[in-house]
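Structure record follows, encoded as structure tokens.
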Amino acid sequence: MRIGVFVCECGTNIAATVSTGKVVDAALSMRDVLHAESIQYTCSDPGQRAVIDAIQKKGLTRVVIASCSPRMHENTFRRTVGRAGLNAYMMEMVNIREHCSWIHSDIDEATDKAIDLMQKGVARVRRQVPLHSTTVPVTKRVLVVGGGVAGIQAALDIADAGLPVTLVERGPSIGGNMARLDKTFPTLDCSSCILTPRMVEAAQHENIELMVSSEVEQVRGYIGNFDVDIRRKATCVDAEKCTGCMICQEKCPGKAPDEFNAGVGQSKAISIPFPQAVPLVAALRKEHCRLFIKGKCSVCKKVCPADAIDYEQEDRIETEKFGAIVVATGYELFDWRESYPDYGGGQYPDVVTALQYERMLSASGPNGGHVQRPSDGKEPKNVVFISCVGSRDESVGRPLCCSVGCMYIAKQAILTKEHIPDSQSYVFYIDIRAGGKGYEEFTRRAQRDFGAIYLRGRVGKIYPSNGNLVVMGTDTLSAEQVEIDADLVVLATGFAAAEGAGELARKLNISYDQYEFFSESHPKLRPVETTTGGVFLAGACQGPKDIPDTVAQASASAAKVIGLLSRGELETSPMVAAVNQMRCTGCFKCRDVCPYGAIEAVELRDGREVANVIDSLCQGCGVCNVACPPAVISLKGYTDGQLIAETMELLR
Amino acid sequence: MAGTARMKQPGDLRVIRLPCTGRVNPLLILKAFMEGADGVLVSGCHPGDCHYNVGNYHARRRLELLQRMLPAFGIDPGRFHYTWVSASEGSRWAGVVSDFTRRIEALGKIGAEVPANALAKAEQTAMTDATGKTTS
Ligand SMILES: Cc1cc2nc3c(=O)[nH]c(=O)nc-3n(C[C@H](O)[C@H](O)[C@H](O)COP(=O)(O)OP(=O)(O)OC[C@H]3O[C@@H](n4cnc5c(N)ncnc54)[C@H](O)[C@@H]3O)c2cc1C
Ligand code: SF4
Ligand code: SF4
């Protein structure tokens with residue numbers, strides 16, 4: 001056995017606190033080590049070349065590299081030793097940066113620790129055997145979950161690259177929240193004018209299959225080979241036959257909340273959510289339908305000229321194979337009512353959310369763009385905007401910034417002035433966050449050119465008085481109490497994750513934060529990947545975002561997916577469990593504990609039933625290794641022998 | 001994260017890398033005490049947030065059991081601690097390390113605390129219990 005040791009200085013990152021020379025000397029006295037040197041930057045091209053040279057000149061068979069975290073460069077160095085002709089797994093990394101030089105200041109202490117860690121690494125690599133990854137074929141189809149602008153963008157990009165895409169949206173139409181917006185900051189272009197063509201393009205794309213009123217039921221499998229059950233919810237309308245004439249909606253006597261209009265105005269039990277909906281197909285909501293509640297009605301079935309109504313329709317589960325999944329489930333507004341009793345807790349009809357106001361402003365909204373306040377239909381003159389309701393507020397458990405509130409308030413203040421020239425807008429703010437391109441200028445314009453009065457401070461209370469609302473707050477710049485007589489109050493409520501986001505994350509085996517926004521694999525270098533291979537993120541489901549960032553991230557996800565599926569096969573990690581079948585007793589405790597169903601029973605020639613690991617399913621957690629009573633199933637790369645040797649070495 | 005953020009920590013701890021706390025065999029911990037470790041700390045992803053679905057649920061059951069059995073082997077249970085720290089909780093990790101180190105310093109060297117036959121004894125008991133039916 002010929003072991004080579006390389007100690008990285010990482011410039012001064014390591015060398016300033018760890019005496020690399022001493023580590024080299026110590027390594028040379030370790031068993032089987034016949035080469036040791038320190039290198040200034042091992043990951044650099046000359047650094048890697050030095051490693052390759054030493055391996056080839058000295059005939060090294062195993063290598064230990066003491067440098068940074070394996071999360072950083074394990075793959076780099078595996079490739080390095082691979083290029084030198086060694087099996088990539090005959091290289092062991094020892095972390096003397098994050099675990100040593102960066103967290104200690106005493107040179108002796110840090111050097112001692114580095115030597116200990118080196119000893120452990122050498123002990124480990126001595127017990128390492130060559131490992132070989134297998135390849136699995138990939139399914140060249142992509143699932144996109146969520147049909148907001150993020151999902152649409154990702155689906156279009158992927159489909160344009162020639163890959164078939166299934167876009168699953170749980171609502172009756174794609175479009176998401178952007179379809180609800182009137183105009184968009186900072187350019188004030190009309191939201192549906194830019195979004196609707198994209199929605200239609202997605203529906204007509206030969207590579208995109210739209211599945212609306214559908215949800216992900218279950219996900220099995222792994223990168224390159226997911227099996228996904230999709231629930232196609234019963235809408236009581238045959239999508240093939242429905243022509244979108246809306247006669248059913250007109251005649252339907254069952255009132256229902258208007259979800260598209262964020263609860264402003266009313267809709268019907270059977271409806272098309274909005275005139276530009278894609279697909280333009282009606283859907284019936286049983287919980288509001290008279291036939292399902294009272295057992296009598298069937299008006300829609302009678303009036304439908306296309307005979308599209310089918311009350312017997314039931315949910316169907318379809319199972320499809322995908323190679324990659326993009327999650328783009330977006331956001332919902334934080335429900336402010338319980339947390340802000342001082343703002344009326346939802347009791348005052350003229351206190352609305354910004355999304356409701358967006359609908360009130362929109363030409364496709366319930367009043368055709370004529371702003372009328374909910375209580376009496378009067379056109380408001382004094383409009384008060386309150387920012388950060390349910391964001392940046394520790395007292396209600398929402399310290400996060402929604403990142404778009406400051407911007408859309410400025411937009412809505414401008415639009416208010418455009419709709420109602422003799423109106424006056426007031427904006428209560430904590431501070432104005434306008435980091436994007438052209439954003440700062442935009443918020444200035446709202447004040448300078450459209451006369452919005454900005455008041456720095458929180459609103460303490462809102463109470464009704466003479467048919468109007470009194471808004472009490474503090475202007476912290478002048479340190480004065482202010483009271484404004486408002487016709488309408490608009491709350492910039494914070495972002496919350498889409499309902500059921502946590503549940504979806506568990507189905508996909510991806511992580512999420514305390515607000516149920518999905519977590520990216522690395523905040524800087526892997527912003528669209530998740531910790532589960534083959535699952536990517538796009539848009540506001542990962543955290544509050546505006547449209548430009550959403551679209552950029554969606555295209556980035558698409559690029560990752562296209563890259564992944566451009567390969568015909570994927571390498572799987574060889575660090576999987578293996579059973580010594582001669583000694584397996586067939587108790588199947590391993591199968592009971594395996595979270596991935598990676599263990600099957602096979603029959604040996606002598607008729608005994610023993611455990612077998614399905615390499616492509618095993619993720620290498622090692623739970624089975626501990627559960628096996630005769631200790632005959634072992635995780636390659638983390639065998640009992642290796643772990644015991646490491647432990648003993650550290651305690652010598 | 002704690003390392004990347006360069007949070008200073010006491011230098012007594014040596015880390016052994018594992019894919020998942022579910023790979024931690026209680027026997028390995030006993031082995032460490034046998035070999036003279038003054039303290040053993042196990043840390044993994046938070047329950048419910050396991051990178052490998054449920055590995056840490058298995059770990060929690062196994063480690064809790066070990067914790068309770070340590071006195072039977074003559075080992076002060078204060079020398080063993082298991083905790084959940086996610087990769088993003090750098091400052092929490094630094095805190096855990098500092099607290100644990102302080103605790104072990106107060107307990108002092110393990111010395112003759114561990115009887116020589118502890119491992120053999122442990123082997124029998126821990127094995128059967130820790131591997132008993134473990135469905136979550
Ligand atoms: C009042 C207001 C005004 C705004 N104005 C602007 C502006 O002017 N300019 C700007 O840049 N940004 C603006 N924004 C932000 C903008 O709305 C978002 O950036 C954008 O909508 C995010 O798109 P998305 O696709 O990520 O999410 P969404 O638009 O939320 O789309 C997510 C989609 O996924 C679906 N879905 C959710 N869960 C599931 C599931 N489990 N299964 C299947 N489907 C699911 C949803 O039904 C939805 O269709 C504004 C936001 C608000 C609240
Ligand atoms: S009446 Fe029939 S065709 Fe017209 S929208 Fe309703 S279901 Fe579709
Ligand atoms: S290592 Fe984990 S995933 Fe692989 S077979 Fe064992 S329990 Fe299953």
Side-chain angles (χ1 to χ4, degrees), chain A residues 68-72 93 95 97-106 108-110 112-113 116-117 120 124 502 506 509 511-513 519 522-523 531-532 575 587 589 592-593 595-596 619-629 631 635 637-638 640 642-644 646-652, chain B residues 1-29 31-38 40 45-46 48-59 62 86-88 90 93-94 97 110 127-128 130-136:
Chain A
C68 50
S69 161
R71 287 191 67 116
M72 188 86 198
M93 272 184 91
N95 184 355
R97 193 177 76 179
E98 284 85 346
H99 281 181
C100 205
S101 68
W102 274 356
I103 57 168
H104 304 310
S105 21
D106 183 88
D108 289 337
E109 184 183 53
D112 278 353
K113 182 168 174 183
D116 275 3
L117 295 176
K120 178 190 79 145
R124 206 180 133 77
R506 286 191 289 277
N509 193 25
S511 5
Y512 51 93
D513 65 17
S519 307
H522 188 284
T531 45
T532 296
M575 300 246 206
C587 71
K589 290 224 157 95
D592 293 342
V593 297
Y596 299 97
Q619 301 295 307
C621 66
V623 166
C624 56
N625 197 148
V626 185
C628 175
L635 180 61
Y638 293 99
D640 286 347
Q642 281 177 310
L643 296 178
I644 291 172
E646 284 182 71
T647 311
M648 308 245 303
E649 211 55 58
L650 286 178
L651 295 166
R652 239 178 11 164
Chain B
M1 246 335 222
T4 316
R6 304 174 197 216
M7 296 170 182
K8 295 287 176 240
Q9 295 155 38
D12 309 272
L13 199 82
R14 302 286 181 270
V15 176
I16 293 182
R17 181 188 181 200
L18 293 158
C20 174
T21 47
R23 175 66 188 88
V24 180
N25 194 329
L27 278 176
L28 188 69
I29 296 165
K31 178 79 183 158
F33 282 123
M34 294 283 308
E35 295 294 327
D38 298 319
V40 177
C45 311
H46 292 272
D49 216 4
C50 179
H51 184 65
Y52 295 97
N53 283 348
V54 293
N56 52 18
Y57 287 129
H58 292 289
R62 292 166 180 161
S86 83
S88 58
W93 173 247
V97 174
I110 193 157
M127 223 24 180
T128 37
T131 57
K133 209 96 171 125
T134 39
T135 36
S136 51

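To find a chain, count down the sequence lines: A is the first, B the second, and so on, and within it residues start at 1.
- Summarising the geometry, atom SG belonging to A:C100 is positioned 11.0 Å from atom CD belonging to B:Q9; distances are rounded to the nearest 0.5 Å.
- Within the 4.5 Å cutoff, side-chain heavy atoms of B:R17 are placed close to those of A:P70.
- Heavy-atom pairs under 4.5 Å with chain B peak, among A:N509, A:T532, A:D106, at A:N509.
- Taken from CE in B:M7 to CD in A:E98, the straight-line distance is 13.0 Å, to the nearest 0.5 Å.
- Heavy atoms closer than 4.5 Å to chain B are found in the side chain of A:E109, but not in its backbone.
- Chosen from B:P19, B:P10, B:C20, the residue pairing most often with chain A at heavy-atom distances under 4.5 Å is B:P19.
- Within the 4.5 angstrom heavy-atom criterion, atoms from both the backbone and the side chain of A:H104 approach chain B.
- Between B:H58 and A:V626, the closest side-chain pair of non-hydrogen atoms is not below 4.5 Å.
- Summarising the geometry, atom CG belonging to A:D112 is positioned 11.0 Å from atom CG belonging to B:D12; distances are rounded to the nearest 0.5 Å.
- Side-chain contact between A:L643 and B:R23 is present, with heavy atoms from C-beta onward closer than 4.5 Å.
- Ranked by heavy-atom pairs under 4.5 Å with chain B, the list A:R71, A:K113, A:R506 is led by A:K113.
- Interface remark: A:N95 contributes no atoms to any contact with chain B (heavy atom separation under 4.5 Å).
- Enclosure of atom CE in A:M575 by more than 12 non-hydrogen atoms of other residues, nucleotides or ligands within 6.0 angstrom is indicated.
- One distance of note links CG of A:L650 with CD of B:E35; it measures 11.0 Å at 0.5 Å rounding.
- Of all the heavy atoms in B:G55 and A:V623, the pair that sits closest is CA-CG2, 3.7 Å.
- In this structure, chain B has a heavy atom under 4.5 Å from the side chain of A:L117, while its backbone stays farther away.
- In this structure, the portion of B:V24 lying under 4.5 Å from any heavy atom of chain A is its backbone and not its side chain.
- A:T647 is not listed as a side-chain neighbour of B:M34, based on a closest heavy-atom distance of 4.5 Å or more.
- Contact between B:I16 and A:K120 at its shortest, heavy atoms only, is CA-NZ, 4.0 Å.
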